[in-house]
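The next block holds one structure in the form of structure tokens; read it before the comments.
Chain A is the first sequence line, chain B the second, and so forth, proteins listed ahead of strands; every chain is numbered from 1.
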Amino acid sequence: MAKGRVSIVVERCKACGFCVEFCPTHVLALSSAFNSKGYHPPHVVHPEKCSGCDLCGMYCPDFAINGTKIPQATAQQAAGGEK
Amino acid sequence: MLNILDNRLDNRPDNTPDDTVNPVEQFLRSDRMPHIWCPGCGIGTTVNSFAHALIESKIDLQSLALVSGIGCTGRVAGYVKLDSFHTTHGRAIPFATGLKLANPKLNVVVYSGDGDLSAIGGNHLIHAARRNIDLKVICVNNLIYAMTGGQTAPTTPSHATTSTNPYGTFEPAFNLPHLVEAAGAVYVARWTTFHVRQLARSISEAFQKKGFSFIEVISPCPTLYQRRNKMGDGLDAMKYYKEKSKVKHGAPTSEVGLTLNGEIVVGKFVDRDRPDYQTMMRAQYVETLGERYLGDEVETECVCG
Amino acid sequence: MKADPRGVLTGTHFLDGDHACCEGALAAGARFAAGYPITPSTEVVERFAARVPTVGGCFIQMEDELAASIALQGGVWGGAKAFTVTSGPGFSLMMEHIGYAAMTETPCVFVDVQRGGPSTGLPTLPAQADMMQARWGSHGDYEIIALCPNSPQECFDLTIQAFNFAEEFRVPVMFMMDEVVGHMTEKVVIPPADEIDVTPRKHTHKSVEDYLPYSTNGDMVPEMAHAGDGYNFHVTGLTHDEHGYPNMTPQVQDKLVRRLQNKIRSAADRICLFEEDRLDDADVVVVSYGITSRVAQRAIDAARDQGLKVGKLRLITAWPFPEKKIAELAAHVKAFVVPELNLGQMVHEVKRAADGNAKTFAVSHAGGAVHNPDEILNTIVEASRC
Ligand code: SF4
Ligand code: SF4
């Protein structure tokens, strides 16, 4: 069950990979999609593992991503849409 | 163009709006994003730590002014939503000195690069440390003059290749923590852009100090330093920092000089107390002038009419 | 508004020009100065360092002129009226920051007590050879104001004027003294504070939401805010738009740089101060400034004694150059005689403004002393015959 979730401002990303590399629970991977500048922004591959620690946000030099802790009531929803 | 609504990359439940706000965003001039820094440049990462330090230290933002010089890091002033001054090359510290002296209530941060602060501005750096002016200096050290295309800086490690030392540098580099400690700084720390939380903590600590504080942040310049030295990209630099950094709080600064591929000693090296410039100035005037001393606070009412 | 009485040393004094300049700065409201010692200017800040703690404010001696000339601008953005003082070699080092003050519209005063150059030149002896440097010394197109006192009394009066112009137009003002004026001691009358007009800072009264740091309406001078006021403004020496944000396009450059020039040029009639005497019937006009105007006075009197129709135009404002006045005179006089302690600087401006309608004679002097009045007289005689 995910304790956190990630928010990505796709257009700011320059695909440095810092967030992917330093996410302690390996939630992210660079996607194959392009943003308008031609960079591959990260996407969430393991949503359930996100702790909302915001290390991705701390590392991102482009202010393009951040993690947030989810209040427990909504955590279940975030874990992958189980109702 | 990738449409974030059709092609969601985050893990938000489908029917929820994105109500999360990056805590750093409140300190940014969002209308100026994206910034000019290259992919994998570490300067933006240092800004995250700075922003988190502002949150942690609960510092009064209205009292905060940020002064930069010229260079890649010099652009920080233009991206933070604070009273911010992008000054001339090397002169952020003397500008900040004037700002602090005219309005002692301000918390003044100098945010600039290694070339700006230690080469063209080197004289100001040591004199500000000597005076113990109450400034917080964040020196982003990418080991090179980046904005101008990768020339040798006083911080470039020996044997690194630069555009002006294409066969490798041979002059010794400054060990900045050692330099500023010798000159009189009361707080000296070094981190890398890998150490985001430690850096934020150091900046918060510096806000608690009164006097000249200096925090060096080793930061990747993939475009002009890493590439020319076949050190990979920004991420490779970050991995190198992770692997080669040794935390040694209180390490003698004489032993923390950097080498091309060697260990990076990080930590808080100096944390001491001595009276800052304005405290000494007031004490001196009170002692010699007594009642005749009217203080150093400029009455802005009188200036502004 | 009127001067803050704490800074005004009302009374009749016997002061040298440097000390009178310091008193003028204090009367004008200067509460911060940053300096670096250099002959023959240091006495200005020595006096300031002694006086300002008892008035409220501070002086700092910086590590060099580069530092002094930018620290003072930090002081201004921190809310103070501020200045620095120097002479030739130091003035050269300050040039970049004169450009920074012009670009960022930082109101401040640079005092240059001129000595002989180039380089170290004549540290203790006079010259007037920094006049073009004052106008053009920093790179790029910009406009400044320069004033030239010719007595200790004027060192007091015009320093106040320099600060007032700086505040009104948000421009660096060059206060162009010379070694003789700086070191000569004369009677200086300092009026009561309530008789001294002081121009307040053009501080904005707009709300944080409405404030645009570099937008102007009508008078071309934007309103200012100080660090700590809550406006979160940005200041840069880069070409910038009304937000103060870097915007490096030819369009923004054109708009900004033209405004920086036009705010001064459009007010030139008001800024151009001069003293005139016996111009009504003059065939020849002696154009001079600073200490040389006092030497020229003797030559003019002697020429009049000989029956020559000579008049006097003393430039109190050197920049912007009073070209309108010169052009008017050129229409009905034969010639201008321009004595100055340099090998020809302002004379070229006179020639340009006269535009061929009157001849121009330089009376040059390499500096180190003032002219012999006879040299000026001889040129007046020569000009009268042309
Ligand atoms: S750290 Fe930021 S810029 Fe780098 S890949 Fe992740 S989101 Fe993109
Ligand atoms: S040149 Fe180097 S320091 Fe400058 S923005 Fe690019 S990576 Fe960063």
Side-chain angles (χ1 to χ4, degrees), chain A residues 2 4-22 27-31 33-37 39-50 52-70 74 76-83, chain B residues 1-25 27-30 32-49 51-52 79 193-200 219-220 222 233-239 241-242:
Chain A
R5 62 176 204 215
V6 178
S7 174
I8 301 166
V9 185
V10 172
E11 284 305 323
R12 283 189 187 172
C13 172
K14 293 178 190 157
C16 66
F18 290 7
C19 56
V20 174
E21 175 73 21
F22 297 116
V27 169
L28 304 162
L30 291 185
S31 84
F34 292 104
N35 67 13
S36 66
K37 295 250 162 63
Y39 296 113
H40 295 289
H43 66 150
V44 175
V45 288
H46 292 295
E48 73 289 352
K49 291 187 182 168
C50 179
C53 70
D54 193 31
L55 259 185
C56 53
M58 287 291 279
Y59 279 110
C60 176
D62 291 88
F63 318 115
I65 190 169
N66 72 296
T68 330
K69 294 207 186 297
I70 308 178
T74 52
Q76 207 166 347
Q77 247 194 335
E82 303 163 31
K83 303 266 153 58
Chain B
M1 182 174 151
L2 190 149
N3 184 329
I4 189 164
L5 293 176
D6 298 344
N7 198 347
R8 288 272 305 283
L9 299 178
D10 57 28
N11 63 340
R12 197 162 22 99
D14 280 346
N15 51 0
T16 53
D18 185 2
D19 56 357
T20 61
V21 182
N22 188 339
V24 174
E25 199 68 30
F27 304 105
L28 301 178
R29 299 185 190 275
S30 305
R32 298 213 59 224
M33 295 297 142
H35 57 56
I36 63 159
W37 298 312
C38 302
C41 171
I43 298 170
T45 303
T46 72
V47 173
N48 290 326
S49 296
H52 280 268
Y79 293 128
T193 46
F194 171 71
H195 302 89
V196 283
R197 296 222 191 273
Q198 296 90 327
L199 173 59
S219 171
D233 59 10
L235 185 55
D236 291 314
M238 293 288 273
K239 291 177 185 164
Y241 299 160
K242 183 179 176 183

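Taking every heavy atom of both residues into account, A/F18 and B/G234 meet most closely at CE1-C, 3.5 Å. Residues A/P61 and B/H35 come closest through the heavy atom pair O-NE2, 2.7 Å.
A distance of 9.5 Å separates CG in A/N66 from CG in B/N48, rounded to the nearest 0.5 Å. Considering CG of A/D54 and CG of B/N22, their distance stands at 6.0 Å, rounded to 0.5 Å. In this structure, CZ on A/F22 lies 7.5 Å from NZ on B/K239, to the nearest 0.5 angstrom. Here the straight-line distance linking atom CZ of B/R197 with atom SG of A/C53 works out to 6.0 Å at 0.5 Å rounding. Taking CG of B/L199 as the start and CE of A/M58 as the end, the distance is 7.5 Å to the nearest 0.5 Å.
Annotation: maximal heavy-atom pairing with chain B below 4.5 Å, among A/G67, A/C16, A/C13, A/A64, occurs at A/C16.
The closest side-chain heavy-atom distance from B/S30 to A/R12 is below 4.5 Å.
Looking at B/L28, the atoms closer than 4.5 Å to chain A (heavy atoms on both sides) all sit in the side chain, from C-beta outward. Interface remark: B/T193 contributes backbone atoms only to the contact with chain A (heavy atom separation under 4.5 Å). Using a 4.5 Å cut-off between heavy atoms, B/D233 makes no contact with chain A at all. Of the atoms belonging to B/L235, heavy atoms from both backbone and side chain fall under 4.5 Å from chain A.
Remark: side-chain polar atoms of B/T45 are not paired, donor with acceptor, to backbone N or O of A/C60 under 3.5 angstrom. With hydrogens and angles ignored, the 3.5 Å screen pairs no side-chain donor or acceptor of A/K14 with any backbone N or O of B/P34.
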Open item on the list: Between B/V196 and A/L55, does the side chain to side chain contact (heavy atoms under 4.5 Å, CB included) criterion hold? Intermediate values first, please.
Closed with: CA-CA 8 Å; B/V196 283; A/L55 259 185; 3.9 Å; yes

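Taking the centre of each ring, B/Y79 and A/F63 stay at or above the 6.0 Å mark.
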